[in-house]
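Notes for the one structure printed next.
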Amino acid sequence: MRRSLHDTGELIQFNGRNLLLFLAVYRLTAASAYVQLLDAGMRFSLGRAEYSYLTLENAGRVLACPWTVPVVLALLGVGLGLIMVEAGGLTFACSRAVYSLKMPAWRIFLEGIRSTKEQLERRNFRLFAVAAADFFLMNLAYLYRTLTHIKPVNFVIEEMSGNPFLKAGAFLFVCVCVLGVIPAYFVFHGCMVEQRVYRDSRRDSAELLRGRRARIVARVVIPQVLIMAAALACYLAMVFVMAGVTVVFVRRDLQFSFLIQASQWAERIIMFLASGAASLFYFADLTVQYYRYGKNQVGRRHFFDTGTAFFGRKNGLAFLSIAGIMTGMGMVDGAVNGTFLASSVVVRTEITAHRGSSLSAPENTMAALLAAVEEMADWAEIDVQETMDGVAVVCHDENLRRIAGVNRNIKDMTFQELLNVDAGSWFSGEYEGERIPSLEEVMEYAKGRLNLNIEIKYVGADSGLPEKVCRLVEAYEMEDQCIITCTSMAYLRQIKERNPQIRTGYIIPAAYGAYYRNDDIDIISIRSGFVSKKLVRLAHQEGKSVHAWTVNDKAELERMRVLAVDNVITDDPLLAREILYRGEGTESLLEYLRELLR
């Protein structure tokens with residue numbers, strides 16, 4: 001085994017730079033494009049099923065929609081195709097390396113596409129299933145960590161962990177994948193390099209495995225376990241280093257939140273690198289074994305004849321450039337405007353800074369929004385009213401007496417007059433001169449930085465304020481980054497009639513009845529004291545999310561975490577993050593380093 005592993009290392013080293021470049025660029029590009037496609041597919045399916053939110057409770061009804069199954073099958077087909085392109089590219093690149101022939105990263109990609117196309121033409125559909133099972137087994141640990149952050153899959157995983165029958169079923173599924181993959185271990189080279197049909201390739205694979213199964217399984221499992229162990233060690237080391245940096249350089253009240261965010265990014269990076277390393281080593285070792293044990297080996301000439309005029313360097317680079325530009329645009333759009341997946345699928349109780357971070361700065365001001373971003377809130381809740389000259393402005397009270405000492409109503413003042421009002425001195429002298437911002441000014445700042453919960457104050461049935469707020473959301477293309485909430489169902493109905501894509505929230509201190517079934521609302525925004533497990537379950541069954549307000553107490557924050565509400569609205573985002581995401585290991589590490597560096 002030592003000699004074979006040495007050969008695998010030499011093969012990777014020979015063309016390692018191009019292989020790593022291909023894997024890094026391809027996975028980033030494919031993942032970004034696939035997430036955008038999933039986002040569009042989920043939006044489409046939920047829209048046809050008349051839902052705005054997916055949970056385990058309403059998943060059955062969504063699946064029953066006639067559009068859902070075709071969309072899911074199409075998405076699965078694209079996913080299998082992406083996996084096959086990677087498998088085909090790595091198989092060809094590693095096979096060339098056996099003959100000391102390098103393959104540039106762009107050619108690896110194009111060979112993967114060509115090979116995938118050939119397998120479809122030969123109807124080698126079972127090879128796609130083997131590739132999917134291989135991908136699943138190689139990335140099992142990394143997929144598990146990812147899926148535990150995705151809802152409703154995380155609910156299924158939690159249910160499995162406490163149910164012995166479900167755990168046995170999951171174990172059985174893994175065993176089936178293993179038993180299905182082992183006999184087909186060498187089919188990639190048979191189908192892709194030697195261009196055989198799947199049945200013949202599987203028969204040859206079984207023959208090559210005869211008497212060697214235990215040895216080959218050990219060669220696959222041991223390196224994968226070592227890669228996972230190395231990834232875990234790297235992650236722990238990075239967390240320790242980041243904790244030290246946090247203690248030294250980050251403001252004390254921000255340390256916990258900062259370390260949580262940094263650790264999450266570190267985990268994603270380590271998972272990405274480890275997953276790529278696992279795939280690379282697997283295909284390199286597979287190639288070494290194939291050419292060591294195989295009888296019908298392919299000569300050099302085959303590798304020079306695989307390309308056609310279309311797959312030349314010029315066209316290949318042009319194709320990659322177009323794909324890169326399109327993917328980059330999708331990534332920028334997702335980062336700036338947000339995605340449905342980020343807001344509705346990623347599992348965690350999100351945090352909304354009430355009126356901005358109103359404990360750190362004057363409420364509903366630009367300073368409060370800046371503080372909310374600094375304190376890593378996911379959302380900021382703001383209140384919107386209208387001036388006498390029709391400008392939408394951000395302020396909670398109708399009268400300015402409390403925040404400015406001026407006994408005048410906003411609706412009786414022009415926007416220019418409001419600019420002269422000091423809305424910060426009441427909070428502290430540090431904020432003297434802070435003014436009431438317009439909604440447009442807030443949206444311009446928040447785009448790409450902070451999600452907005454825009455609460456429209458009810459100012460009469462004939463008001464054009466709902467229409468005005470809708471137009472601003474559309475103008476800034478922030479439908480995925482904003483929700484519009486109100487105590488008036490009539491206002492919410494106006495918004496839905498104008499733009500069904502804008503999510504709406506019904507604000508209620510308490511309620512009775514099946515109000516959560518109303519099609520004009522996507523979110524139940526309710527006083528935290530009235531949130532119960534039953535309410536959360538019923539709301540999720542109807543495809544609605546639950547936002548609890550205003551939660552400033554540690555015990556109540558802990559209760560909201562246990563109830564799995566979707567969002568807590570709080571005056572103290574830092575406290576909320578500490579309670580909702582705290583971990584004993586993280587807290588202990590921070591305390592230890594504080595003492596050590598004191």
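By convention here, the first residue in the shown sequence is residue 1.
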[X]-[Y] side chain donor-acceptor pair, cut-off 3.5 Å:
| X | Y | result |
| --- | --- | --- |
| H354 | D571 | yes |
| E381 | T352 | no |
| N552 | D572 | no |
| T414 | D389 | no |

Under 3.5 Å, side chain of [X] to main-chain N/O of [Y], donor-acceptor pair present?
| X | Y | value |
| --- | --- | --- |
| Q385 | H396 | yes |
| Y26 | L82 | yes |
| R561 | T349 | no |
| T570 | P573 | no |
| N451 | D378 | yes |
| W549 | S528 | no |
| S45 | G41 | yes |
| S358 | R355 | no |
| S463 | V459 | no |
| T387 | V391 | yes |

Which pair of heavy atoms, one from D422 and one from G433, lies closest together, and at what distance?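 So the minimum-distance heavy-atom pair works out to OD1-N, 3.1 Å.
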Tell me every residue that passes salt bridge (charged side-chain N to carboxylate O under 4.0 Å, His left out) with R401, counting only those two or more places apart in sequence or in another chain. none
Check each of T487, I521, I526 against I508 using the side chain to side chain contact (heavy atoms under 4.5 Å, CB included) test, and report the only one that passes. I526
Only one of V469, T485, T504 forms a side chain to side chain contact (heavy atoms under 4.5 Å, CB included) with I495, so which one is it? T504
Side-chain touch [X]/[Y], heavy atoms, less than 4.5 angstrom:
| X | Y | value |
| --- | --- | --- |
| T365 | I436 | no |
| F530 | L535 | no |
| V442 | M366 | yes |
| M238 | I270 | yes |

Using the salt bridge (Lys or Arg N to Asp or Glu O under 4.0 Å) rule, take K554 and E578 through it: C-alpha gap first, then chi angles, then the decisive distance, then the call. CA-CA 9 Å; K554 286 186 177 182; E578 180 179 347; 5.2 Å; no
Going from CZ on R402 to CH2 on W426, what distance comes out if it is rounded to the nearest 0.5 angstrom? 5.5 Å
Partners passing side chain to side chain donor-acceptor pair (under 3.5 Å) against E440 (at least two apart in sequence or in another chain): Y476
Sort out for me which residue in R503, K496, K544 forms a salt bridge (charged side-chain N to carboxylate O under 4.0 Å, His left out) with D522.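 Per the salt bridge (charged side-chain N to carboxylate O under 4.0 Å, His left out) rule, the option paired with D522 is K496, out of R503, K496, K544.
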Which residues pass the side chain to side chain contact (heavy atoms under 4.5 Å, CB included) test with L76, sequence neighbours left out?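 L76 satisfies side chain to side chain contact (heavy atoms under 4.5 Å, CB included) with V72 once adjacent residues are dropped.
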Return yes when atom CD of E467 has more than 12 non-hydrogen atoms of other residues, nucleotides or ligands closer than 6.0 Å, and no otherwise. yes
